[in-house]
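Working notes for the structure below.
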There are 2 protein chains.
Amino acid sequence: MVIGRITLKDVAREAGVHTSTASRALNPQTQSVVNPETVARVLEVAQRLGYRPHPLARGLRTNQTMTVGMVIPDVENPLFGPIIAGVEHRLGTDGYSLLIANTDPRDDSSLTVIDALAERRVDGMIIASASRVDEHIRRLHDQGLPVVQVNRMSNEVEVPAIVGDDHAGIGLVMEHLVELGHRRIGHVAGPGTFSTGLGRREAFLEWAGKLGVHEAPIEEAESFRMMPGYRVTRRLIERNPDLTAIVAANDLLALGAYQAVSEAGFTIGQGISVTGYNDVPFMQFVQPPMTAVRVPYRKMGVEAASVLLEMIADSETVRPGAVWLTPTLSVRESTARPRS
Amino acid sequence: MVIGRITLKDVAREAGVHTSTASRALNPQTQSVVNPETVARVLEVAQRLGYRPHPLARGLRTNQTMTVGMVIPDVENPLFGPIIAGVEHRLGTDGYSLLIANTDPRDDSSLTVIDALAERRVDGMIIASASRVDEHIRRLHDQGLPVVQVNRMSNEVEVPAIVGDDHAGIGLVMEHLVELGHRRIGHVAGPGTFSTGLGRREAFLEWAGKLGVHEAPIEEAESFRMMPGYRVTRRLIERNPDLTAIVAANDLLALGAYQAVSEAGFTIGQGISVTGYNDVPFMQFVQPPMTAVRVPYRKMGVEAASVLLEMIADSETVRPGAVWLTPTLSVRESTARPRS
DNA sequence: GTGAAAGCGCTAACAT
DNA sequence: ATGTTAGCGCTTTCAC
């Protein structure tokens, strides 16, 4: 069976009605206006002929593509798999499809990538690549395109964002460490250009104060990758030799911290505790298994898609603002009581 | 600037020509038939007005969507990130976009997912979810839709496939182990329903024979996941207590093997060597760092997209068949000389 | 070399 | 309740 050879005209002819009547009968919105018997007949014929509406023709008229674009900063990052899965799942429920665009974080290809999506007349966009200052997002929003941010958020408060609750997540980690007895805790921060980097850093300071942590030095890594984590942790340990724990702003930074801590002659967990953030797959298998904040990424994707669909359906009723999803803590062996 | 408000008609009026002339001037294919001066003028006006052709309108006429669909069995599997990145990159170069559809491997949603893509009139499809017997792929191919398989392949020899060279990959591992002195090697096979499971299993047997391995028992896991790997390895060790090495058909199975080997009282690397396949991210950080076959997944995606684009451009000239990409071996500490 | 006109498949305003 | 007509924005015959 070749899809798409049967057009509305064929159905109409076979059912003995005009195409417009067939169109109305087939469309749930307008179906009520047609004689129930006619509806039944058209439906039966369409079914029998295997009629499939042509999405391009429909889209040309209705100015809707039933397609949503998603901009990912780095598809290879295991973080985004679950988000994509969640988005795709939710969209599929409503008959929408997902157009994926990958941005190389090194060059700034986001401009062309976003434009390519916009040119395709996507009905909305999900942006997983937001910087704190992000003119692309502003532009899209100004153009009136429904946009939702996910995972990270820009300063554009008008644009809804579904992100992890970094304040709560860092709180989980800090309470855990303080409970174990730590009072000198360092933070390997992510880039301040991303909401996640900045947010976790601020949360760290706040919780340090609240929980009576004596010493809470911070060093910022240039990117959320392993080698920067290594370098920054070295510096952190050199300058603050009494630290008993390191809170990293993501798992890769923590892995870098693992190496730096080992090289400094400490045993991770015993000498210095280290924590990660995100809890990407396999963190339970590194040595030692990593204590890390787990963010519900799939759910994040589902939520982002839901909000976007609402905006597409009725852009007025959706109040902008952020939704913070509550993380949990996966406690493993990279954290233990401080050395005495 | 709102994208898409300017239509061809606007450009034509402003340039003082008919829309059809403007269309010809803008289209590289037909451009040669138009007066060069007119072309220049139309181009200039289009540029100045920020004209962007409407892809739906064009697609409706040309019956091309400039869109390719990709079916992924499990977006959350880190394997597929690089493949998607490669595909997306290559497609973007030619102005094509990527529609992603995720199939839950548990239920058989691939039917609806593939149909959804087909209804959108994608110009071609990349299937990463092939089973060895796969009626969906056959159906698409029979309908005349350009289709390429990636990572795994079905028995449909008419449909091009870009996959890893499992024979070479297993050879790399076997030669490495035999060189270290191993002669009793077990294989934790993946499901025989997938070309990867079957291919690696057959390659294992062949290399075992060729390299003079005395003992080469095989146990097949029900899926490429960790727990099945654990269970199957336990059985393998119980039934063949003299094994000194385990070759797993993928990394997760190997991780399961890690656990089973440890529980059996052996030290991985020292007592029993274990190897993985795929070398997904973080395998260098598990304990001990895993020796694994590395498959060039990004390249695989690029190649698949290239072949598909060729087929779309001219379905006749493309000879079907498989392309096997050569893997490499990441030697780490999970392999060493056999215990004496 | 360019314009006129038709039409891709569908939906929507208007008429009956 | 249904048919008529127009048109979404573009490409593509067919004239001239």
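In what follows, every chain begins at residue 1, and chains take the letters A, B, ... in the order their sequences are listed.
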message: What contact category does A/Ser23 fall into here, base, sugar-phosphate, or nothing, at under 4.0 angstrom with non-hydrogen atoms?
response: base
field: Given DNA chain C, 5'-ward residue of the pair B/Leu60 and B/Ala22, judged by closest heavy atom
entry: B/Ala22
query: Which whole-number value in Å describes the distance from B/Asp10 CG to D/dC8 C1'?
result: 14 Å
- prompt: C/dT11 phosphate, OP1 or OP2: any side-chain N/O from A/Arg58 under 4.0 angstrom?
  reply: yes
message: I need the NZ-P distance between A/Lys9 and D/dT4, as an integer number of Å.
response: 14 Å
task: Side chain of A/Thr21 only, please: which of D/dG3, C/dG7, D/dA1 is the nearest?
output: D/dG3
- request: Take atom CG of A/Leu8 and atom C1' of C/dG7, then tell me their distance rounded to the nearest Å.
  value: 15 Å
- request: Look at the side chain of B/Arg24 against the base of C/dG3 and say whether a donor-acceptor pair falls under 3.5 Å; ignore hydrogens and angles.
  value: yes
- prompt: With a 3.5 Å cut-off and just heavy-atom distances, do the side chain of A/Arg61 and the base of D/dG7 make a donor-acceptor pair?
  reply: yes
- request: Could you tell me whether a side-chain N or O of A/Asp10 sits under 3.5 Å from a main-chain N or O of A/Thr7, the two making a donor and an acceptor?
  value: yes
- request: Select one nucleotide: of C/dA4, C/dC10, C/dT11, the one nearest the side-chain heavy atoms of B/Ser20.
  value: C/dA4
- request: Please work out if B/Thr38 contacts a base, only the sugar-phosphate, or nothing of the nucleic acid, heavy-atom cut-off 4.0 Å.
  value: sugar-phosphate
- prompt: Ignoring hydrogens and angles, are the base of D/dG9 and the side chain of A/Arg121 linked by a donor-acceptor pair under 3.5 Å?
  reply: no
task: Check the distance between C/dC8's C1' and A/Arg52's CZ and give it to me in whole angstrom.
output: 20 Å
task: Would you indicate which nucleotide in C/dG9, C/dG3, D/dT4 comes nearest to any side-chain atom of A/His18?
output: D/dT4
message: Under a 4.0 Å threshold between the charged nitrogen and the carboxylate oxygen, would A/Asp142 count as salt-bridged to A/Arg138?
response: yes
field: Whole-Å distance separating the CZ atom of A/Arg13 from the P atom of C/dC10
entry: 12 Å
For atom CG of B/Leu56 and atom C1' of D/dG7, their distance in whole Å: 15 Å
query: How far apart are the closest heavy atoms of B/Ala118 and B/Met125, and which atoms are they?
result: N-CE, 3.7 Å
- prompt: With a 4.0 Å cut-off, would you call B/Asp115 and B/Arg139 a salt bridge?
  reply: yes
Pair B/Ser306-B/Arg90, side-chain donor/acceptor within less than 3.5 Å: yes
task: Using whole Å, report how far CG of B/Asn27 lies from P of D/dT13.
output: 12 Å
query: Does A/His54 make a side-chain N or O approach to OP1 or OP2 of C/dC10 shorter than 4.0 Å?
result: no
